[in-house]
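A quick write-up on the structure given underneath.
Any value given below was found using the heavy atoms of this structure, including those in side chains, with hydrogens, waters and symmetry copies removed. This chain uses plain numbering: 1 for the first residue, then up along the sequence.
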Amino acid sequence: MKIASLVLLGIGISLSAAANTPHPRFDGHWWQQADEAERTGFLYGLEDCYAIDGTPKMIFEDNWAAYRKNIDGVYATRSKLGEPVAQVFRQLGRKQNEEEHAGMSQEQRYGSEFWRGSSELARRGFLEAYITCPPHPRHKLSLDRLDQYIARLNDMYNVGDKRGEDAPAFAGPVADALDLSGK
């Protein structure tokens, strides 16, 4: 009887710990452990956020391999591992000038082509970044519902062509789709 009670107590503690596990901090520790596809998707989500939603609007002109290499370099220093990826990435961009800002449009956001052409991990990374992006006080999205958002966006964008039409129900930017699916 005592053994059964101890086993049940152990299971209860495990389940409680799992339920109270905080979300990743998306810092250098996370960066070093995350899959390459998830990290790349994360950077896409940050770019979308900083270039369109952030203030000031940022522009990122380098290639993705260079960004990943620069971020890896920052996190090679153990003292920098606690810095958020969003903060490190932001430093790799520059503020958009008036002309660039005027030229930015919703069509330049990541949308159907990105969502349908990316792996599940890249999509997850995009949403992790977009939801936690510092300039986003306006939306009410939560990492607690991440899997629900992914499933809903997969349906909206017809990932895997489940409807047999090779056409998404929604073709706009992921940011707009999140507004539709996050409510």
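- No chain of hydrophobic side-chain contacts below 4.5 Å, direct or via other Ile, Leu, Val, Met, Phe, Trp or Tyr residues, connects L121 to L43.
- Distance alone, capped at 3.5 Å, places no donor-acceptor pair between the T77 side chain and the S79 backbone.
- Under a 3.5 Å cut-off, the side chain of R94 and the backbone N or O of I59 do not form any donor-acceptor pair.
- The aromatic rings of F114 and Y110 sit perpendicular, their planes meeting at an angle over 60°, well past the 30° parallel limit.
- A salt bridge is defined here as a Lys NZ or Arg NE, NH1 or NH2 lying under 4.0 Å from an Asp or Glu carboxylate O, and R124 with D35 fails to meet this definition.
- In this structure a side-chain-to-backbone donor-acceptor pair under 3.5 Å is missing from E38 to G125.
- The backbone N or O of G54 lies less than 3.5 Å from a partner atom in the side chain of K57, making a donor-acceptor pair.
- V159 is not listed as a side-chain neighbour of E120, based on a closest heavy-atom distance of 4.5 Å or more.
- Applying the side chain to side chain donor-acceptor pair (under 3.5 Å) rule to Q33 yields no partners; only residues at least two apart in sequence or on another chain are considered.
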What do the steps show when you test Y75 against D27 for side chain to side chain donor-acceptor pair (under 3.5 Å), and what is the final call?
CA-CA 9 Å; Y75 291 139; D27 60 8; over 6 Å; no
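- In this structure a side-chain-to-backbone donor-acceptor pair under 3.5 Å is present from R123 to S118.
- With sequence neighbours left out, the ring pair (Phe, Tyr, Trp, His ring centres under 6.0 Å) criterion links F42 to F26, W30.
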For a quick test of your reading: what N or O donor-acceptor pairs under 3.5 Å do the side chains of residues 62-73 make, sequence neighbours left out?
| unit_1 | atom_1 | unit_2 | atom_2 | d |
| --- | --- | --- | --- | --- |
| N63 | OD1 | A65 | N | 3.1 |
| N63 | OD1 | A66 | N | 2.7 |
| Y67 | OH | E61 | N | 2.9 |
| Y67 | OH | D62 | N | 2.8 |
| R68 | NE | E36 | OE2 | 2.5 |
| R68 | NH1 | T40 | OG1 | 3.3 |
| N70 | ND2 | A66 | O | 3.2 |
| D72 | OD1 | W31 | NE1 | 2.7 |

